[in-house]
Amino acid sequence: MKARPLHGWDLAPQEAMALQARLRARVERADRVGAVRRVAGVDVGFEADGRVTRAAVAVLDHPGLALVEQAVVRVPTRFPYVPGLLSFREAPAALAAFARLRTAPDLILYDGHGVAHPRRFGIASHIGLLLDCPSIGVAKTRLVGVHRAPANRRGAWTPLRAAPIDGDGTGADETIGAVLRTRAGVKPLYVSIGHRVSLESALRWTLACTTRYRLPETTRQAHRLASGR
DNA sequence: GCGACAG
DNA sequence: ATCTTGTCGC
């Protein structure tokens with residue numbers, strides 16, 4: 001599956017931020033998802049002191065969650081890690097991995113945020129938009145937003161809001177994601193809309209892909225491939 | 001000026 | 001993210 005060439009990647013940080021502000025208007029936050037038979041997990045790792053980026057895509061069937069296809073690529077790292085600009089470090093490598101797939105997935109779970117981002121355009125949204133595929137951001141830690149802790153049961157979640165809640169708790173701030181407990185006794189995950197998926201669906205799909213561990217099986221498989229095992 | 005800060 | 005020892009849980 002090939003990405004739409006909406007822009008180049010050789011950008012300075014300021015240009016990258018301007019691009020995000022421009023593209024965020026094209027993110028779809030409502031469901032436009034067809035039959036989901038294949039779910040892709042994506043993760044990226046680094047080698048040689050960070051000079052080489054290793055991106056992996058693991059495609060699992062649904063609802064079986066068995067690995068049906070995989071792709072791994074190694075490319076030179078060309079952008080530093082800057083909070084809020086993760087796309088420009090990881091996306092080129094991830095898209096190269098997607099280009100190697102024989103069959104396009106129906107849904108993508110990315111290890112990072114979607115619209116729960118300073119400019120509402122995290123890497124999960126960026127990847128989903130360029131591939132024109134429904135996508136969900138599933139991050140292990142917070143980038144922006146405030147929230148309460150969800151109850152300690154699988155499936156419990158609390159909204160992730162864009163700004164501090166008023167002293168009396170009646171603030172009407174924008175909800176940019178959810179904090180989801182995928183398993184009792186472990187740290188919750190940060191789930192947000194990537195592209196073409198509602199937050200409710202994002203939560204449902206994330207749970208559907210998460211069976212016995214903290215992270216979705218899609219993410220676990222991709223991480224395994226990206227770290228070379 | 002001082003923290004916060006996906007991976 | 002990556003590096004790494006010790007420790008806890010299943």
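Proteins come first, then strands; the chains are lettered A, B, ... in the order of their sequence lines, and each starts at number 1.
- Between E47(A) and R74(A) there is a salt bridge, since a side-chain N of the basic residue sits under 4.0 Å from a carboxylate O of the acidic one.
- Contact check for M1(A) versus P105(A): side-chain heavy atoms found under the 4.5 Å cut-off.
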For this session: Sugar-phosphate means primed atoms, P, OP1 and OP2; the rest is base. With that split, encode nucleotides 2-7 of chain B 5' to 3' as B, S or - using protein heavy atoms under 4.0 Å.
Result: --SBBB
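- Taking the six-membered ring wherever Trp is involved, the centroid distance between the rings of H195(A) and Y110(A) does not fall below 6.0 Å.
- Every stem involving DNA chain B, taken as at least 3 paired positions in a row under the Watson-Crick or G-U wobble test at 3.5 Å, would be listed here, but there are none.
- Counting heavy atoms of neighbouring residues, nucleotides and ligands inside a 6.0 Å radius, atom CZ of R154(A) exceeds 12 of them.
- F46(A) places a side-chain heavy atom less than 4.5 Å from the side chain of R89(A).
- The side-chain heavy atoms of F121(A) and L19(A), taken from C-beta on, include no pair separated by under 4.5 Å.
- Contact annotation: the side chain of D43(A) never approaches that of L225(A) to less than 4.5 Å [non-hydrogen atoms, C-beta and beyond].
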Problem set entry | nucleotides 3-10 of chain C: protein proximity per nucleotide (B base, S sugar-phosphate only, - neither; heavy atom, under 4.0 Å) | --------
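- Under 4.0 Å is where a charged nitrogen must lie from a carboxylate oxygen, and between R32(A) and D132(A) at least one such pair does.
- Using a 4.5 Å heavy-atom cutoff, the side chains of V75(A) and P92(A) are not in contact.
- Between L215(A) and K140(A), some side-chain heavy-atom pair lies under the 4.5 Å cut-off.
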